[in-house]
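Below is one structure, written out as structure tokens; comments come after it.
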Amino acid sequence: MSENESSASSNFIRKIIAGDLQQNLNEGRVHTRFPPEPNGYLHIGHAKSICLNFGLAKEYDGLCNLRFDDTNPEKEETEFVESIKQDVHWLGFDWQDREYYASDYFEQLYQFAVELIKKDKAYVDSLNADEIREYRGTLTQPGKESPHRNRSVDENLLMFKDMRAGKIEEGECVLRAKIDMSSPNINMRDPIIYRVRKAAHHRTGDSWCIYPMYDFTHCLSDAIESITHSVCTLEFEDHRALYDWVIDNLETPSRPRQYEFARLNLDYTVLSKRKLIELVKDKYVSGWDDPRMLTIAGIRRRGYTPAAIRDFCDRIGVTKSDTRIDMSVLENSLREDLDKSAPRVMAVLKPLKVVIENYPEDSEEELDAANHPQKPEMGTRKVPFSRTIFIEQDDFMEDAPKKFFRLAPGKEVRLRYAYFITCQEVIKDEQTGEIKELRCSYDPATRGGNAPDGRKVKGTLHWVSEKHALKSEVRLYDRLYTEANPEEGGRDSKEFLNPASIEILKDARVEPFLQNAKAEDRFQFERLGYFVADKEDWSPQSPVFNRAVTLRDTWGKLNKK
Ligand code: ATP
Ligand code: MG
């Protein structure tokens with residue numbers, strides 16, 4: 001067991017499972033499931049649930065199913081099913097052959113409903129939706145019984161059959177569980193368990209025109225699959241009584257139990273498929289995998305690794321109380337992972353030309369550069385150097401304050417792996433006054449970046465050789481929203497979209513070593529952050545990199561503003 005796994009083992013669900021195992025409940029089995037509704041792409045909140053459910057199964061030598069909760073014919077699509085499978089696999093989890101669909105259980109669920117009717121525990125109600133709402137009562141007032149509540153078992157059976165046969169229109173009738181209209185828990189006031197929907201389903205086509213509701217489907221799907229621990233988020237806590245009622249009133253193959261944990265809320269983003277769909281449909285983002293989206297597909301394209309996401313889920317832990325997590329926690333998990341594994345290279349995002357006047361015009365050379373400062377086993381590479389190079393515009397100031405340790409007129413700095421250079425002259429555009437290039441001199445004795453006379457320089461700059469560098473597009477990302485909690489108080493989060501959440505640099509230069517990169521390869525651009533070769537747009541002819549994360553936490557500073 002790794003250190004991470006053992007530290008997380010203190011979470012309350014693990015305690016419950018350990019207790020159950022001690023009593024040999026469920027014959028000592030642990031069987032969980034991850035039950036997404038295929039109505040959108042998965043997001044980082046789902047990753048928390050995936051890591052928890054698959055993680056529990058792994059830790060206790062159990063199994064975890066992937067189950068599509070596909071009871072809503074209008075909103076569900078095959079594209080989403082495929083993306084969910086891809087994302088779960090990419091995160092590093094495997095459901096083997098246990099890929100299930102609630103829609104596979106439609107016949108069994110129908111039979112369970114018939115069983116409830118026969119036990120006089122369900123009835124067909126002819127009240128319309130408004131009336132049902134009215135009769136339901138409120139938190140402070142008990143509900144009223146429907147006038148149809150005491151239909152005979154035979155009549156209910158016949159009407160339910162008619163619902164299935166398509167003889168009843170949408171909204172005309174529903175099937176309700178017969179529980180208690182005065183229960184303090186509104187979920188127990190004769191909840192609807194079936195409704196008529198004359199819509200084609202992505203898997204069952206037109207075979208059904210009645211569809212079971214979530215609360216009826218979920219617990220029975222768990223029971224059919226012999227799930228032992230049905231772990232879900234806190235908003236289902238009040239539904240647990242209904243979960244148990246359904247299971248207890250039917251002859252089910254097994255007795256699953258529901259446990260709730262707090263969902264993940266992350267600052268500066270929204271985590272709800274409904275909101276994410278809006279961003280995609282209304283083209284606020286380029287798609288589900290836009291690198292600013294906190295979908296799994298989005299952060300994958302942004303450059304996140306599965307290991308970083310798993311580490312994040314482990315760190316935030318599993319609790320019963322709702323909290324918001326700072327974005328820096330997620331970014332730190334990525335930094336730590338990439339710090340270990342990403343090769344270091346040099347790239348210049350906003351180039352400023354530097355001509356080294358005393359370097360021979362037709363000459364060039366190759367300098368040795370380490371691929372990782374702490375890991376000699378990652379090897380070295382050759383970086384070409386020549387008379388004309390690019391440095392970062394930000395690394396030069398004409399009227400530099402005292403504390404500016406980078407390049408300024410008359411000042412000497414080190415070019416990483418190369419030479420000391422001194423700025424001799426600033427060439428400007430005569431019309432605009434814009435700095436066009438710098439004229440510098442170099443000290444040939446400082447090859448490799450050290451002066452034999454022991455003189456020191458304060459600044460070390462990254463650079464690329466003009467004629468060797470690859471021109472590249474670099475995309476820099478910022479938070480998608482300007483507010484930490486854009487949904488606070490029911491506000492329309494779209495009003496807080498950050499107009500500066502993406503900056504595209506078309507004239508960046510990267511060292512030629514990156515010619516051999518492949519899509520999704522990750523690098524540290526020295527001093528600039530961690531970058532990934534874009535999954536979709538990368539090609540050796542026109543390289544495109546996304547910044548996954550900066551080198552240091554810029555969020556902490558931001559939050560203190
Ligand atoms: P959304 O509101 O984004 O659509 P959902 O809960 O409706 O979320 P489902 O597809 O039903 O999405 O979720 C599948 C599983 O993932 C459920 O068990 C759910 O509890 C869990 N889940 C969803 N969002 C989060 C979250 N933010 N944090 C932790 N678990 C989550
Ligand atoms: Mg849902």
Side-chain angles (χ1 to χ4, degrees), residues 8 11-13 32-57 64-72 74-77 79-85 87-88 91 93 95 99-103 202 213-215 217-219 221-222 225 227 229-240 243 256-281 288 293-299 309-310 312-325 327 329-330 485 487 493:
N11 88 46
F12 75 98
I13 294 177
T32 57
R33 83 289 168 267
F34 172 63
E37 185 182 352
N39 61 348
Y41 279 57
L42 297 181
H43 53 63
I44 182 79
H46 293 112
K48 178 177 180 180
S49 173
I50 293 167
C51 289
L52 177 61
N53 279 297
F54 281 94
L56 289 169
C64 181
N65 297 355
L66 175 64
R67 183 199 313 141
F68 292 98
D69 220 325
D70 57 348
T71 53
N72 193 343
E74 282 112 342
K75 289 191 191 149
E76 294 157 4
E77 288 173 28
E79 179 199 346
F80 298 141
V81 168
E82 292 310 314
S83 74
I84 288 169
K85 291 200 283 187
D87 289 348
V88 175
L91 280 173
F93 300 103
W95 56 91
E99 175 181 326
Y100 299 124
Y101 295 81
S103 57
H202 75 117
M213 302 298 285
Y214 174 87
D215 283 323
T217 309
H218 198 84
C219 52
S221 303
D222 284 343
E225 293 175 18
I227 299 302
H229 299 80
S230 180
V231 184
C232 62
T233 35
L234 277 178
E235 69 271 24
F236 293 105
E237 198 165 23
D238 290 342
H239 297 236
R240 194 193 325 130
Y243 186 107
R257 295 211 176 261
Q258 175 182 304
Y259 301 95
E260 310 87 18
F261 69 100
R263 62 169 47 225
L264 169 67
N265 300 304
L266 202 57
D267 276 352
Y268 295 102
T269 188
V270 297
L271 290 183
S272 134
K273 277 180 276 175
R274 197 170 53 78
K275 297 265 168 64
L276 296 173
I277 281 179
E278 271 178 41
L279 295 178
V280 175
K281 288 222 167 115
W288 284 101
M293 296 268 274
L294 270 289
T295 51
I296 306 293
I299 56 177
I309 298 170
R310 291 194 304 262
F312 168 73
C313 291
D314 199 59
R315 278 186 207 204
I316 57 176
V318 177
T319 65
K320 272 258 177 208
S321 52
D322 265 315
T323 49
R324 298 191 65 82
I325 303 286
M327 190 66 91
V329 182
L330 179 62
N485 183 1
E487 297 171 291
S493 51

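In each ligand, atom 1 is the first atom listed, and ligand 1 is the first ligand listed.
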Would you mind listing which atoms of ligand 1 come within a distance below 4.0 Å of any non-hydrogen atom of Pro36? 10 (O), 14 (C)
Atom indices of ligand 1 within 4.0 angstrom of Pro35 heavy atoms, with elements: 14 (C), 18 (O)
Are any of the N/O atoms in Glu37 less than 3.5 Å from those in ligand 1? yes
Is the closest N or O pair between Lys273 and ligand 1 shorter than 3.5 Å? yes
Between Arg67 and Glu225, is the closest basic N to carboxylate O distance under 4.0 Å? yes
Non-hydrogen side-chain atoms of Phe261 and Lys48 separated by less than 4.5 Å: yes
With sequence neighbours left out, the residues meeting side chain to side chain contact (heavy atoms under 4.5 Å, CB included) with Asp215 are His239, Leu242
Please say whether Gly45 places an N or O atom under 3.5 Å from an N or O atom belonging to ligand 1. yes
State the atoms of ligand 1, each with its element, that fall below the 4.0 Å cut-off from a heavy-atom position in His43. 3 (O), 24 (N), 27 (N)
Could you see which bit of Phe236 sits under 4.0 Å from ligand 1, with heavy atoms only: side chain, backbone, both or neither? neither
Where Cys64 and Phe34 come nearest, the two heavy atoms and their spacing: SG-N, 4.0 Å
Quick check: do Arg33 and Trp95 have side-chain heavy atoms less than 4.5 Å from each other? no
Answer side chain, backbone, both or neither: which part of Arg274 comes under 4.0 Å from ligand 1, heavy atoms only. neither
For the student: nearest non-hydrogen atoms of Tyr101 and Lys85, plus distance: OH-NZ, 4.4 Å
For ligand 1, which is the ligand I care about here, please tell me if Leu264 has any N or O atom under 3.5 Å from one of the ligand's N or O atoms. yes
Which of the numbered atoms in ligand 1 are under 4.0 angstrom from any heavy atom belonging to Thr233? 19 (C), 20 (O), 29 (C), 30 (N), 31 (C)
Can you tell whether the side chains of Lys275 and Glu278 come within less than 4.0 Å, N to carboxylate O? no
